[in-house]
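What's counted below: heavy atoms across the whole structure, side chains too, no hydrogens, waters or symmetry copies.
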Amino acid sequence: MQYGLLVMGAPYSTVSPHSALRFAHAIIARGHCLAGVFFYHDGVHNASSLMAPPQDELNMCQAWVELHQQHEVALDVCIAAALRRGLMSESEAQRHGKQAFNVAPPFELTGLGQLLELQQRSDRFITFA
Amino acid sequence: MQYGLLVMGAPYSTVSPHSALRFAHAIIARGHCLAGVFFYHDGVHNASSLMAPPQDELNMCQAWVELHQQHEVALDVCIAAALRRGLMSESEAQRHGKQAFNVAPPFELTGLGQLLELQQRSDRFITFA
Amino acid sequence: MILHILTKAPYSSVAQQMQQAIGEADAVLLVEEGVTAALSPSWTAWKAYHSRIYILAEDLLARGLNGIAEANELPVIGMDEFVTLTEKYAQTVTWY
Amino acid sequence: MILHILTKAPYSSVAQQMQQAIGEADAVLLVEEGVTAALSPSWTAWKAYHSRIYILAEDLLARGLNGIAEANELPVIGMDEFVTLTEKYAQTVTWY
Amino acid sequence: MAQSDTLLVVIRHAPHSTNLLREGLDAALVAAAFGQSVHLLFMGQGILALLEEQGSGAPGQKATLPTIEMLEMYDIDQLMVPTKDLHAMHLSHHQLIEGVTLLAPEDVPTLLQQHTQILTF
Amino acid sequence: MAQSDTLLVVIRHAPHSTNLLREGLDAALVAAAFGQSVHLLFMGQGILALLEEQGSGAPGQKATLPTIEMLEMYDIDQLMVPTKDLHAMHLSHHQLIEGVTLLAPEDVPTLLQQHTQILTF
C-alpha cells in the first residue's frame with residue numbers, strides 16, 4: 001500500500017517527529033511504499049539544516065535526509081508555514097533579500113496543494129502532531 | 001523598578017511572544033526599566049533573522065530588535081536550546097561547520113547562567129510561555 | 001504574595017494545577033486562552049478568589065468575549081493595570 | 001472504520017473530543033502521552049472500546065509504565081502491530 | 001450520502017492561541033481552491049473561531065473572522081459544531097455567525113465515517 | 001524557613017512529550033552549579049519523571065532518569081510532589097525514586113510563598 005505522512009511538530013520541542021520517523025521505518029520494513037512526508041505547522045522545523053543537537057541526540061533533519069536517500073521518500077515543506085518561522089531555501093532567501101538559507105534539498109518548499117495531493121494519492125494518510 | 005522577562009514560546013506558533021512584547025512596552029511606558037529578555041525553549045525562534053511573515057503580520061524578530069534599539073533591552077538566547085532548534089550565530093556556525101547563520105546582534109547566544117543572573121537582579125521577573 | 005498568570009482554559013489540567021498553588025493573599029490574572037473563563041461564570045475560581053481575580057481586556061477583545069465578560073460583570077483590566085498588579089505582587093508564576 | 005490515535009493524557013480535553021468522535025466499528029491507539037492511560041484502569045474508554053483499544057509498547061517503555069500496563073492486563077502492541085492497524089483501518093484521525 | 005472526495009477539516013484550537021486554527025483554515029481554503037469539496041467541523045475551543053464579535057489580537061496579529069467569512073466565497077458552507085461542545089463552552093447558537101449547523105452527539109462519529117479524507121487541526 | 005536565595009523549579013511536563021522537562025531540569029542544574037540552592041516541585045504529568053523504571057524513548061532520545069539521578073550530586077535533594085497529584089495519577093510513593101517528599105494540599109501554596117525565585121516548566 002501507499003502511505004503518506006503529515007508531520008506538524010517540531011523536533012526537540014515535541015516527540016511527534018520521532019514517532020513519525022519510527023512509523024516511517026516500520027511501514028517500509030513491512031514492504032509498503034512511503035510516497036512522501038509533508039511538514040506543516042511547527043513541523044517545518046524538521047527541515048532546518050542548521051540544527052545542531054548534542055552528539056548523543058538524533059539529528060532529526062539528517063534522519064529525514066537518510067530516509068529520503070534510502071527509500072526515495074519525498075520531503076515537502078509548506079512554504080507559508082516555513083517562511084513565517086524562519087525556514088528558507090536558497091531561492092526564497094534571494095527573493096526575500098536574506099543573506100542565508102537553512103532549507104536544502106531533498107527538502108522542498110512547496111504549497112499546501114502538495115499536502116492535499118499527497119493525501120489523495122495515498123491509500124493511508126497519517127498525521128503526527 | 002527593574003523588570004526581566006522570560007519568553008518560552010515561538011512566534012507564529014503561540015501567542016506568548018506577542019503578550020511579552022506588549023507587556024514590555026507597557027512597563028517601559030510606566031517608567032520602569034526592562035533589564036533584559038531571555039529566550040528559552042521554543043522562545044529561541046524569536047531570534048531568527050530568517051523569519052519572513054506576510055506583510056500584514058508583525059515580524060517578531062524585528063519588533064524585538066526595535067525594542068532593543070529604543071530602550072537598550074538586552075536580548076539573550078539560550079545557546080543549548082537554540083543550537084538544537086537550528087538557531088546559530090556567525091561564530092557558532094563556524095564552530096559547527098555550517099554555511100549560514102540566523103542569529104545576529106543585538107540577540108546574543110548565551111548560557112542559562114544569564115537567565116538566573118537576570119532573574120536575580122530583577123525586582124520583577126515574568127514568564128511568557 | 002504571588003500573582004498567578006493563567007494562559008490556558010479554566011477547565012484544563014493547567015488551571016487545576018494553578019488552583020492548588022494559590023495562597024490566601026495571592027491574585028490571579030487570566031490572559032490568552034485563560035480569558036475563555038469569561039464564558040464560565042460557574043468556574044469555582046471566580047468565587048474562591050473573588051476580588052483578586054482579573055481578566056486581561058486586550059485578550060478578551062481579540063476573542064470577542066468582552067460583551068460576555070461585561071454581561072457577567074467580571075473584573076476586566078487593561079495592560080496598564082497588569083503592570084500595576086506586577087508592581088503590587090513581588091512574585092509572579094505563569095501557568096501555561 | 002477509523003483508527004483514532006490519541007497522543008494526549010486520558011483526562012485531557014483532547015481525549016474527550018476523541019471519545020465524542022469514536023464510532024462503533026472504530027479502534028483507538030494510545031501513543032506518546034496517551035500511554036499514561038495505563039495508570040487509569042478506571043478510564044471510561046477502557047470499557048467502552050474494549051477489544052479495540054491498544055497502547056503502543058515503545059512509548060510505554062520509554063515512560064516506565066510497561067510494568068503497570070502488564071499488571072492491569074492492558075492490550076499492549078508494538079510498532080509492527082501499529083502498522084497492521086493502519087492496514088486494517090483505512091482512515092486514521094490523530095488527536096493531539 | 002457518499003462524500004468520497006470531500007475533505008473534512010476538524011478545527012479544535014482557538015483564535016490567538018496557537019497558529020493551528022489559521023493553518024487549518026488555510027488547508028481548507030487551498031483544498032477548495034483546488035476544486036475539492038470541503039466540510040468544516042469545529043470542536044472545543046475551536047468554536048471560538050465562529051463567534052460573531054471577534055477583534056484582532058495584539059498589534060500585527062491577524063483577525064480570524066475575515067477568513068471565516070471568506071469560506072463562503074470558496075463554497076465552504078458546511079460549518080458544523082457539536083451541540084455538546086457548544087453547551088460545554090456556555091455558548092448558544094445565536095452568538096455564532098450565521099449558517100452553522102449543530103450536530104447531535106450521535107452525528108459526530110457518523111460525520112467522520114462519511115469522509116475518507118480528514119485533517120485535524 | 002527563609003529561602004530568599006533558593007530557586008524553586010516547578011516541573012509539570014512529562015518525559016518524552018515536550019522538551020520542557022529536560023529544559024527545566026537543565027535550569028535547575030545550572031542554578032545549582034552556580035552555587036544557588038534549588039528545590040524542585042513536580043506537579044501533574046511532571047511526576048512521571050520520578051518513576052523508577054523509565055527507559056529511553058525513540059532512537060536518539062535521551063532518557064530522563066540519569067538526569068534525575070544527577071540532581072543529588074548537585075546538592076538538589078528537595079524533590080517534592082503534591083500527594084493529590086500523585087493520587088490523581090494513580091501512583092503510589094513506592095513507585096517513585098527514593099527521597100521524594102510528599103506535600104499535603106495546604107503545603108503547596110506555602111512552598112511557593114517561601115521562594116522569591118520561581119521558574120515553571
TODO: Taking all non-hydrogen atoms of both residues into account, name the closest pair between A:Met8 and E:Phe121 and its distance.
DONE: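 It is SD-CE2, 3.7 Å.
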
- [ ] I would like to know whether A:Arg84 and E:Arg22 meet side-chain contact (heavy atoms from CB on, under 4.5 Å); could you show each step before the answer?
- [x] CA-CA 13 Å; A:Arg84 261 195 194 95; E:Arg22 174 170 304 279; 3.9 Å; yes

Would you find more than 12 non-hydrogen atoms of other residues, nucleotides or ligands less than 6.0 Å from [X] atom [atom1]?
{"X": "E:Glu106", "atom1": "CD", "answer": "yes"}
{"X": "A:Glu66", "atom1": "CD", "answer": "yes"}
{"X": "E:Glu52", "atom1": "CD", "answer": "yes"}

Task: Residues of residues 70-78 of chain E near chain A, each having a heavy atom less than 4.5 Å away - done: none

Task: Neighbours of chain E found in residues 106-129 of chain A - heavy atoms under 4.5 Å - done: A:Leu112, A:Gly113, A:Leu115, A:Leu116, A:Gln119, A:Gln120, A:Phe125

Task: Verdict with reasoning, A:Tyr40 to E:Leu20, per side-chain contact (heavy atoms from CB on, under 4.5 Å) - done: CA-CA 10 Å; A:Tyr40 193 33; E:Leu20 278 166; over 6 Å; no

TODO: Please assess E:Glu23 against A:Asp42 for the test side-chain contact (heavy atoms from CB on, under 4.5 Å), listing each intermediate value before the final yes or no.
DONE: CA-CA 10 Å; E:Glu23 291 176 323; A:Asp42 290 348; 5.8 Å; no

Task: Part of E:Ile118 lying under 4.5 Å from any heavy atom of chain A - done: backbone

